[in-house]
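The structure appears below as C-alpha cells.
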Amino acid sequence: MVRTAVIGGTGVYDPRLLDDVKEIMQDTPYGKVQISIGRYQECEVAFIPRHGIQHSIPPHLINYRANIMALKMLGIKNILATAAVGSLHFEFKPGQYVLADQFMDFTKNRHNTFYLGGEEGVVHCDMTVPYCPELRQALLKAGEEKGLSVHNGGTYVCTEGPRFETAAEIMMFKQLGGHLVGMTSVPEVCLARELGLCYANISIVTNFAAGVTPGILTHSEVLDLMQQNIEGARCLIMSSLKYLPEYKECDCARILSEPGVIK
Ligand code: HPA
C-alpha cells in the first residue's frame, strides 16, 4: 500500500526516478486530483506536482484542500513537500536545503481548513510542532548519507504572492524571527495536520530575499537555481524513504483525536 507522497513544488514536476508509474484521478469533495503512483526500490510513492504538470497554477490559486484530501483518501500517511524559498539570512545560501521546523502565516485569501463549523462543530487544531519531527529526522539522515548541505530547522514565512515581497516586508519578517520566505507551505501543512498526516517541508533556497542582497528578483532566477538543485532534492527525498519509521511516535496523527481539540 502506498504510504508516502511527494508534493513537488516549483521545478519539481515529473515523477522521474519512480518505476512502473501509473496515473490515477482521485475524486474529492473539493475537485479531482491527478496523482502519479510509482515504485522506488521497495517503496510505493505517490506524487503530485503542486503547480500542475506545466507549472500553470500560481501559489494563491492552488487547490490545497483537494490535493491533501486526495492523498488522505489514497491512504497516505507521510507527505514530503518541496518548496522554493528566498533566504533572509546569509547562512542559508542559494543551493542549500532547509528542513523547516516552524512557519509564520502571512497568507490572506486561501481556503485554510476542512472544518467549517455547522454539524461538525468548531475545530481548533494544535500547530505547536507543525512539521513532523520523525520525517525531518529521516530526511536529515538521508542528507548526511548523501553529503548534501541540509540545515536542520528554520522558520518559513508564508506570503500570499504571487508577487515577491518588498525589502521592508523582508526586514520585518527577519525582525520577527523568520529565516525563509515562500508562498506555499501554508495552508498545505495545516490541512495535512487536520487530516492527521505527517508532513515535512524540504525548502530549497533559490535566492536571497528582497533587499537582503542588492538587485531585483526574477522568477527565472528562481527557476534556474531550482533546475540546478532538483537532482539533490530528489536524492534527498528518495534516500529518506528507507529511514521513514513504520510506527511513528510523533503526535501528528493523534492531535485531532485529543479531547478538547475538537469541538
Ligand atoms: N519570496 C517568496 N517566494 C519565493 C522566493 C522569495 O524570495 N523565492 C522562491 N520562492
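For ligands, and for the atoms within them, numbers begin at 1 and follow the listed sequence.
For CE of M104, the number of neighbouring non-hydrogen atoms (other residues, nucleotides, ligands) closer than 6.0 Å is greater than 12.
The single protein non-hydrogen atom nearest to atom 10 (N) of ligand 1 is A84 O, 3.2 Å, given as residue, atom name and distance. Counting only heavy atoms of the protein, atom 4 (C) of ligand 1 lies nearest to V181 O, 3.7 Å. The protein non-hydrogen atom at the shortest distance from atom 7 (O) of ligand 1 is N207 ND2, 3.0 Å.
Heavy-atom proximity to M183, at under 4.0 Å, picks out these atoms of ligand 1: 2 (C), 3 (N). With ligand atoms numbered from 1 in the order given, ligand 1 contributes 2 (C), 3 (N) to contacts under 4.0 Å with heavy atoms of G182. Near L217, meaning under 4.0 Å from one of its heavy atoms, ligand 1 places the atoms 7 (O). The E165 neighbourhood of ligand 1 comprises atoms 1 (N), 2 (C), 6 (C), 7 (O), with distances under 4.0 Å to a heavy atom of that residue. When each atom of ligand 1 is checked for a heavy atom of T206 under 4.0 Å away, the hits are 8 (N), 9 (C).
When only interatomic distances are considered, the shortest N/O to N/O separation between G86 and ligand 1 falls below 3.5 Å. Distances between N or O atoms of T159 and those of ligand 1 include no value under 3.5 Å.
Using a 4.5 Å heavy-atom threshold, the side chains of E221 and D224 count as separate.
When all heavy atoms of A209 and V181 are compared, the closest pair comes out as CB-CG1, 3.8 Å.
For the atom pair CG (L61) and CG (N109), the distance works out to 9.5 Å, reported to the nearest 0.5 Å. Atom NE2 in H179 sits 10.5 Å away from atom NZ in K174 (nearest 0.5 Å).
With Q102 contributing its side chain and Y156 its backbone, the two residues share no donor-acceptor pair below 3.5 Å.
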Item to complete: Could you walk me through whether K77 and E246 pass the salt bridge (charged side-chain N to carboxylate O under 4.0 Å, His left out) test, one step at a time?
Response: CA-CA 10 Å; K77 306 281 183 230; E246 185 135 355; over 6 Å; no

